[in-house]
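A, B, ... follow the sequence lines: proteins, then strands. Residue 1 opens every chain.
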Amino acid sequence: MNRRKLLQLLSKGAAAGAFVKLSGGLAQSKIPQGATESMKVLGATLREYGERSEFEKDVIRYISPNLRSRHTGADFAPLEKLEGVITPSSLHFERHHGGVPNVNPADYRLVIHGMVERPLMFTLQDLKRFPSVTRTYFIECAGNGQNGYRNPPDMTLTATRSRGLVSNSSWTGVPLSILLKEAGLKEGARWLIPEGQDAAAYTRSLPLEKALDDVLVAYAQNGEAIRPEQGYPVRLVVPGWEGSIQVKWLRRIQVTDTPVMSKDETSEYTDVMADGKIYAFTWVMDPESIITYPSGLQQIQRGFHEIRGLAWSGHGRIRRVEISLDGGKSWKQASLEPAPDALSVVRFKYNWVWDGKETVIMSRAWDEKGNTQPTQEEFFAKWARNNRYHYNAIQAWRIGADGKVVNGDKTLAGAPAQLGAVGRGGCGGES
Amino acid sequence: MRRKWFYLALSALALSALVLAQGRYQIGTPLNEQEVQEWNIRPSILANGIGLPPGQGTVDEGAKVYATHCAGCHGSSGEGGAFTRLVSEPFPITKETDSVDFAIGNYWQYATTLFDYTRRAMPFATPGILSNDEVYAVVAYILYQNGVIDESEPMNAQTLPRVQMPARALLELDPGTQKRFPWLKLP
């Protein structure tokens, strides 16, 4: 900026300041007028089930206008509008294949059959009688990050639309290992085929070893019954693995010696790799992080900011999260809160004073197994450009000199790529 | 973690000598095979054909079923419409194939999946209304449209598991999964 421009700006600013002084001369106060009104009247009465403030009604899940049906597809948790690490149950991302069934718990039954000594049927009350386990786990759609497949990048991307197909809840239930022991596994049993009570009678194949390790048959989420859209009354929680295997509205588990190769583990939720192969059973969610503040479409000003974000990994605990303030040239360590739990979301924070210069900020997570996030180029060296799942490359945000924040990802060489606009269900939620 | 739960369970078990003696909690209602069948209204079809019901359907019959129940969403001959494309561009898919063109003939790896999914979840708004014969027929029609089977070949519990899908040749187990589960093999 030259001296002449600076003087012009300064004089404009001085004029504006003078106007404010004049017009505000009568009753200008720093105290908002409505601030003390509530102290003069009685407030609302007790109520049996709480609701959030009427002023928070714009904190909602993002549903893409491009969806062809709201009975299948996904919506996104509004990450940049949330704090801490627990996703409120009402804002947990959704992914359905045939709508949300309305299951009456009085009619609810879970049947375990197939290669077992004793086929058993459990009521909801039966399940609650067993020893319980409460753990905080993230659930993430395999299609989370799918907007990263766009080339050139979407300049209207928000943190929600970048990584909002993840949510983190406290889950309570009975370990599946206990139920399997109750039914008694037969020699040769290797697989479970869980089935949902939705219109898609959704099924997947789950190896017995994982089921015996840490899988929960969950009936509570964040201290109350699981929400209908999360699987009421009972769902599988398969820690660290793609959300699509964590069957909701769980009604049946068949024990077998072979996987079923259902539609959602063959034609979907398989991955096209850069070498042209298709990978099946890409279950584990690789490490991810996303800066939620400052993030896409937000506006910041010069001065102090606490950079905030979320990190998680399906391989175990997050060990550290690094922040770059210079487009990936150098990295600094963020602080983590709370102490990271395995297979659970952690919040990262970094104190920063923005000097008003254009820059690109990034985060990358490292887990306890030494896994980290790739750059876009590294990601596409392994996964094909036309793949649909497991995108976990570093998300960059560009902060302009005007304080506006936009997607800072690079345009990659090669063919442009859009998400399927028609003809395809999208667990990425936008096609 | 598995061990922790095991010990949790074990300490609870110790409260009851009777339960401990049996190693179980004695919770849940045993079902006989017929009761299991009653509950299992949409049985899973495994890749080896286990679970396929009696019945049969031809390509011609399938064309009628398709026109009535499927064409509204998937296009008059499977080219895709409001919903997913079923009939594909030629196999194989490549890195250049737009994912909207992934379809049955170039991406689905098991013919049994087509029966399982169609009977399980289709038609989208009225799942479960097709008879087993109708499912066999529409499966035959879709496989024929994709050039996978001959027009004269009816589909039934014997023929369907023998149908080789071209995309099976591209499918491999994720290497990380193979490392963790060395015994795991894809059908």
Structural part of [X] lying under 4.5 Å from a heavy atom of chain A:
X: B/T97; value: both
X: B/L46; value: both
X: B/I93; value: side chain
X: B/T94; value: backbone
X: B/L184; value: side chain

With heavy-atom distances below 4.5 Å as the criterion, would you say the side chains of [X] and [Y] are in contact?
X: B/W39; Y: A/R251; value: yes
X: A/W283; Y: B/R180; value: no
X: A/H113; Y: B/N40; value: yes
X: A/L120; Y: B/P30; value: yes
X: B/P187; Y: A/T258; value: yes
X: B/Y25; Y: A/R129; value: no
X: A/M261; Y: B/D116; value: no
X: B/Y117; Y: A/S267; value: no

Looking at every heavy atom in both [X] and [Y], which two are closest together, and how far apart are they?
X: B/V36; Y: A/P119; result: CG2-CB, 3.8 Å
X: A/S262; Y: B/T113; result: C-CG2, 3.6 Å
X: B/L171; Y: A/A280; result: CD1-CB, 3.8 Å
X: B/K95; Y: A/A384; result: CG-CB, 4.3 Å

Polar side-chain atom of [X] near backbone of [Y] as donor-acceptor pair, under 3.5 Å:
X: B/S44; Y: A/V260; result: no
X: A/E182; Y: B/G28; result: no
X: A/R68; Y: B/A82; result: yes

Self-check item: Basic-acidic side-chain contact under 4.0 Å: B/E96, A/R385
Solution: no
Self-check item: Residue pair B/F83, A/T72: steps toward the side-chain contact (heavy atoms from CB on, under 4.5 Å) verdict
Solution: CA-CA 11 Å; B/F83 285 86; A/T72 180; 4.3 Å; yes
With rounding to the nearest 0.5 Å, note down the distance linking [atom1] in [X] to [atom2] in [Y].
X: B/R42; Y: A/T203; atom1: CZ; atom2: OG1; result: 11.0 Å
X: B/F181; Y: A/R190; atom1: CZ; atom2: CZ; result: 10.5 Å
X: A/R109; Y: B/L31; atom1: CZ; atom2: CG; result: 10.0 Å

Exercise. Start with the C-alpha distance between A/F281 and B/Q178, add both sets of side-chain angles, then the distance that settles side-chain contact (heavy atoms from CB on, under 4.5 Å), and finish with yes or no.
Key: CA-CA 9 Å; A/F281 298 152; B/Q178 184 73 84; over 6 Å; no
Practice problem: Return yes when atom CD of A/E368 has more than 12 non-hydrogen atoms of other residues, nucleotides or ligands closer than 6.0 Å, and no otherwise. | Solution: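 Counting neighbours around CD of A/E368, more than 12 heavy atoms of other residues, nucleotides or ligands fall under 6.0 Å, so yes.
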Quiz item: If you count heavy-atom pairs under 4.5 Å with chain A, which of B/A121, B/A169, B/A125 comes out on top?
Solution: B/A121
Proximity breakdown for [X] and chain B, heavy-atom pairs closer than 4.5 Å:
X: A/A415; result: neither
X: A/N387; result: neither
X: A/V284; result: side chain
X: A/Y149; result: neither
X: A/W383; result: neither

Exercise. I would like to know whether B/T177 and A/Y279 meet side-chain contact (heavy atoms from CB on, under 4.5 Å); could you show each step before the answer?
Key: CA-CA 10 Å; B/T177 295; A/Y279 281 172; over 6 Å; no
Practice problem: May I ask you to name which of A/A183, A/G276, A/A274 has the most heavy-atom pairs under 4.5 Å with chain B? | Solution: A/A274
Practice problem: Tell me, with the steps shown, if A/H71 and B/F124 meet side-chain contact (heavy atoms from CB on, under 4.5 Å). | Solution: CA-CA 9 Å; A/H71 285 107; B/F124 185 64; 3.8 Å; yes
Self-check item: Verdict with reasoning, A/E195 to B/R120, per salt bridge (Lys or Arg N to Asp or Glu O under 4.0 Å)
Solution: CA-CA 10 Å; A/E195 178 186 71; B/R120 177 169 299 286; 2.8 Å; yes
Exercise. Verify whether one side chain among B/Y107 and A/T266 offers a donor that lies under 3.5 Å from an acceptor in the other.
Key: no
